[in-house]
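Read through the structure below, which is laid out as structure tokens, and then see the notes.
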Amino acid sequence: MQSDLIKERAILVGIDVQGMGEALLEELDQLADTAGAEVVFKMVQNRNKPDVATYIGKGKAEELSQAVKSFDAHLIICDDELSPAQIRNLEHITGIRVIDRTSVILDIFAQRAISREGKLQVELAQLKYRLPRLTGKGIELSRLGGGIGTRGPGEKKLETDRRYIRQRIYEIEKELKKVQKRRELARNKRKKNMIPVIALVGYTNAGKSTLMNTLTNSEVLVEDKLFATLDPTARKIVLPNNQNVVLVDTVGFINKLPHQLVDAFKATLEEVIFADVLLHIVDVSSPHMLEQIELVNSVLNTLGAHQPIIMVYNKIDKVNSLIPLPAIKPQVSISAKTGAGIDLLLKEIENNISINYHHICLCIPYDEANILSKLHDEAKVINQEYRASEIYLEVYVDDITYNQLKDFEV
């Protein structure tokens, strides 16, 4: 794909408010590489906040213009989301194309989306990003469904583009609601059959897909690049105690994750929200391990994911065994690549999902009979008997349903 093309020579630019120096741009460097650019120079400006007009200030922008000539650069990538005015001013000063971190991430997602759902989610994120950035010239868009009768009298191209984008956003969101409904039906079916769902979450490139392959003997794409996995993958595995569970691999999180992506991938991220247990995969070889753990936890809180979490410290084959790890329980140290610690991980999964389901007997009064439909939808009913003054049921229920019905337990 990208390897067959001539790589764009890129200069990375960032604002340093914490005195990190060039280390500030390490992740942007990885993003640029994943997108297919060749980084030829990095520029960091120490400022308390970005300059409203040029992001890095006019003097630094002039220096950047000289660097563009010296390194024969084709592209400038800035580490923060830029306003249309900042992009326009930097392009005017430097004479080459300027994009921001969000644009790079969206480009990577566009390259890696495989399923129809993935492509729709990426297109939605791109359109939401572009809409407020449409300026004078407008942008070239293929008008699917456009043509005669779609252009108003005297309507400018800019207005047409805006109208097209809004219409396309509406169409995609409508399509993704159908996807959401299908996922909900699948979740209810798994719930009814008492099949727990284990979601793999973590910072991008933490080793989630490698672990997925190790646990399921499958061949999910694995690359040492950011966002190797975009489309969610679900596989069934059997635990040592013969219990069936479904493993779901999810898109990796990243620092400064564009809100457009969070919104667009809502249907996919719901797999995280409704999972029974989360495996938080951590790359222990990363020098930024603690910051990555904190960021993933922050995103999970934002999503409203509050179920049990097992910390899975991965890539122990790459580090000294004495490396200090955060004392967050439960936790397991593994190498998804070599298989070390996998048995302990499976045991930990067993321990954590066993508390999620209750085998109980209920007596439901006839005036509360509306509860039956909920039980048949969301629980596994083993036995049901109609008695003189009540309905007797033997069921398997999850924690939430159990707490709602424990008053009826006998």
Side-chain angles (χ1 to χ4, degrees), residues 7-17 24-25 27-111 122-141 156-162 164-166 168-169 254-261 263-264:
K7 288 191 171 187
E8 289 187 275
R9 294 169 62 82
I11 292 178
L12 308 185
V13 181
I15 298 291
D16 188 2
V17 296
L24 173 80
L25 299 176
E27 192 167 84
L28 188 62
D29 195 335
Q30 284 183 284
L31 286 168
D33 176 62
T34 302
E38 177 190 357
V39 175
V40 294
F41 184 63
K42 298 176 185 178
M43 177 179 281
V44 175
Q45 168 70 322
N46 295 314
R47 292 181 65 95
N48 292 327
K49 61 181 181 179
D51 179 71
V52 176
T54 61
Y55 179 60
I56 51 176
K58 191 170 182 184
K60 203 70 174 177
E62 295 292 348
E63 282 184 43
L64 181 58
S65 178
Q66 292 302 313
V68 166
K69 294 169 186 169
S70 301
F71 292 94
D72 189 26
H74 312 133
L75 177 67
I76 293 166
I77 306 175
C78 296
D79 194 40
D80 296 284
E81 194 166 302
L82 302 183
S83 69
Q86 287 170 326
I87 292 173
R88 189 167 57 248
N89 292 336
L90 278 176
E91 286 182 340
H92 178 72
I93 294 169
T94 62
I96 64 170
R97 194 159 59 96
V98 175
I99 62 173
D100 59 19
R101 181 189 182 91
T102 300
S103 294
V104 179
I105 295 173
L106 290 174
D107 184 79
I108 294 168
F109 272 53
Q111 290 179 43
V122 172
E123 185 184 354
L124 179 61
Q126 288 177 323
L127 292 175
K128 284 187 172 183
Y129 174 74
R130 287 176 185 167
L131 184 58
R133 287 169 173 75
L134 286 186
T135 53
K137 292 182 181 178
I139 56 174
E140 295 299 327
L141 292 167
K156 294 178 182 176
K157 183 176 182 302
L158 176 60
E159 292 163 348
T160 308
D161 286 340
R162 281 192 179 126
Y164 165 80
I165 289 181
R166 289 194 187 99
R168 185 67 185 139
I169 286 173
I254 195 168
N255 193 25
K256 303 178 187 175
L257 186 68
H259 65 87
Q260 295 93 346
L261 283 178
D263 292 343

- 4.5 Å side-chain heavy-atom contact, Ile15 and Lys49: no

- Message: I'd like to know whether Glu63 forms a salt bridge (charged side-chain N to carboxylate O under 4.0 Å, His left out) with Lys60, so could you lay out the CA-CA distance, the side-chain angles of the two residues, the decisive distance to 0.1 Å, and finally the verdict.
- Response: CA-CA 5 Å; Glu63 282 184 43; Lys60 203 70 174 177; 3.5 Å; yes

- Quick one: CG on Asp16 to CD1 on Ile56, what's the gap to the nearest 0.5 Å? 13.5 Å

- Query: Could Glu91 and Arg88 be called an ion pair, given the rule that one side-chain N must be under 4.0 Å from one carboxylate O?
  - Reply: no

- Item | Leu124 vs Ile169 side-chain heavy atoms within contact, under 4.5 Å | yes

- From CD1 (Ile11) to CG (Leu64), nearest 0.5 Å: 5.5 Å

- Query: Do you know which two heavy atoms are closest between Thr54 and Ala61, and how far apart they sit?
  - Reply: CB-CB, 4.5 Å

- Please report the closest heavy-atom contact between Arg47 and Gly57, naming both atoms and the distance. NH1-CA, 3.9 Å

- Query: How about Val13 and Gln45: do any of their side-chain heavy atoms sit closer than 4.5 Å?
  - Reply: no

- Between the CZ atom in Phe41 and the CG atom in Leu25, the distance rounded to the nearest 0.5 Å is 10.5 Å

- What's the shortest heavy-atom distance between Pro132 and Pro84, and which atoms? O-CG, 4.1 Å

- Item | For the student: nearest non-hydrogen atoms of Gln126 and Ala110, plus distance | NE2-CB, 3.6 Å

- Query: Ile77 and Leu31: side chain to side chain contact (heavy atoms under 4.5 Å, CB included), yes or no, with the steps?
  - Reply: CA-CA 10 Å; Ile77 306 175; Leu31 286 168; over 6 Å; no

- Item | Thr102 side-chain N/O to Glu81 backbone N/O, donor-acceptor pair under 3.5 Å | no

- Query: Does Asp72 offer a backbone N or O that forms a donor-acceptor pair with the side chain of Arg9 under 3.5 Å?
  - Reply: yes

- Arg130 to Ile165 - nearest heavy-atom pair and separation: CB-CD1, 4.4 Å

- Item | Side-chain touch Asp33/Val39, heavy atoms, less than 4.5 angstrom | no

- Message: Can you give me the closest heavy-atom contact between Leu90 and Cys78, atom names plus distance?
- Response: CD1-SG, 4.1 Å

- Message: I'd like to know if the side chain of Arg133 reaches the main chain of Leu82, judged simply by a donor and an acceptor atom lying under 3.5 Å from each other, with no hydrogens or angles considered.
- Response: yes

- Message: Rounded to the nearest 0.5 Å, what separates atom NZ in Lys58 from atom CD1 in Ile93?
- Response: 6.5 Å

- Query: To the nearest 0.5 Å, what is the distance between CG (Asn89) and CG (Asp51)?
  - Reply: 9.0 Å

- Query: With sequence neighbours left out, which residue pairs that include part of residues 92-101 fulfil the side-chain hydrogen bond (donor to acceptor under 3.5 Å, both in side chains) condition?
  - Reply: Glu8-Arg97, Glu27-Arg101, Asp79-Arg101, Asp100-Ser103, Asp100-Tyr129

- NZ of Lys128 to CG of Leu106: how many Å apart, nearest 0.5 Å? 12.0 Å

- Arg168 and Glu123, any side-chain heavy atoms less than 4.5 Å apart: yes

- Item | Non-hydrogen side-chain atoms of Ile96 and His74 separated by less than 4.5 Å | no

